[in-house]
Every structure is written in structure tokens, then in C-alpha cells.
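Report on the following structure.
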Amino acid sequence: MAIWRRAAAGWPSSARCATSTVYSPYLLHRRTDLYTDPDRCAPDRWESGHTPPPLREAYIPFGAGPRKCIGDRFAFHATTLTLAVIAARWRLQHLPGTRARPTIGGPTLSPGRLRLRVATRI
């Protein structure tokens, strides 16, 4: 997925006004100069006190600027609540010999065939 933008007056970059730019959130999120081991799932990198802290602007799963997804806040809250309920009730484990791999199937990344074993928490 790539996002196209046209620089306007006051654009916070070195691009001239009316210059077209294209960026890929997928590639931005995998830059080794922004993230240590960017392909590793590391939720702790967003906790305060993490060194070095990632730039807030370097993670843009819902786009940015005036065309940013209007459902981004809802999605973050819904995902947080859903994961909290799942984690409180069940333990999820990869099946032996399987690995989650992201696939591009439209405008978002998805885990493809995510095979898990679900066990009730005691």
C-alpha cells in the first residue's frame, strides 16, 4: 500500500510546495534506522522509558494528515478491549511448526492463516 500526498505551503519537510510524494506505511514501519529489529513483534517498544523511544510519527497504521482514517481511535480502543478480554480468559499458543506471516490482502496487513491453540486460563 502506498499513500500519495501533495506538499502544500507550510509542509513540514524539505519538499517544495506542490511536490507530489508517495510513502508506504509498510516500508516505513520496517526501517531499521527507526526500529531495532523491526520485523520482531515487540509491543514493549512503545512503553515509556524504552530506549531509544520510537518516534510517534514513525508509526502510521491509519495514514496521516487530513485523509487519516476517521475510525483510528475507535479501532485502537476496540482492539485493546478485545485483546484484554481474550488474554484474561484464554491462553493462545502457536501450533508446533507454524509461524505467523503478514500478508497484504487489500489496504491492510493481515496475519494470513494464523493457527493457534486456545487453552482456558485457570
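Residues: numbered from 1 along the sequence shown.
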**L95 CG: over 12 foreign heavy atoms closer than 6.0 Å** = yes
**Request:** List the atom of L34, the atom of L28, and the distance in Å for their closest heavy-atom pair.
**Result:** CD1-CD1, 3.7 Å
**Pairwise side-chain contact, Q93 with L116, heavy-atom cut-off 4.5 Å (strictly under)** = no
**Heavy-atom closest contact (P96 atom, R117 atom, distance)** = CD-NH2, 3.9 Å
**Message:** Using side chain to side chain contact (heavy atoms under 4.5 Å, CB included), reason through L27 and R31 one step at a time and then give a plain yes or no.
**Reply:** CA-CA 7 Å; L27 294 175; R31 286 183 45 184; 6.0 Å; no
**Prompt:** Counting only N and O atoms by type, is there a donor-acceptor contact under 3.5 Å from the side chain of R121 to the main-chain atoms of W90?
**Reply:** yes
**Message:** If I take atom OH from residue Y35 and atom CZ from residue R30, how far apart are they, to the nearest 0.5 angstrom?
**Reply:** 9.5 Å
**Complete:** Interatomic distance, CG@D72 vs NE2@H77, rounded to 0.5 Å, equals 9.0 Å
**Item:** From CA spacing to verdict: side chain to side chain contact (heavy atoms under 4.5 Å, CB included), T120, R89
**Value:** CA-CA 6 Å; T120 305; R89 296 181 184 173; over 6 Å; no
**Message:** Within this structure, what is the CG-CZ distance for the pair L81 and F76, rounded to the nearest 0.5 Å?
**Reply:** 13.5 Å
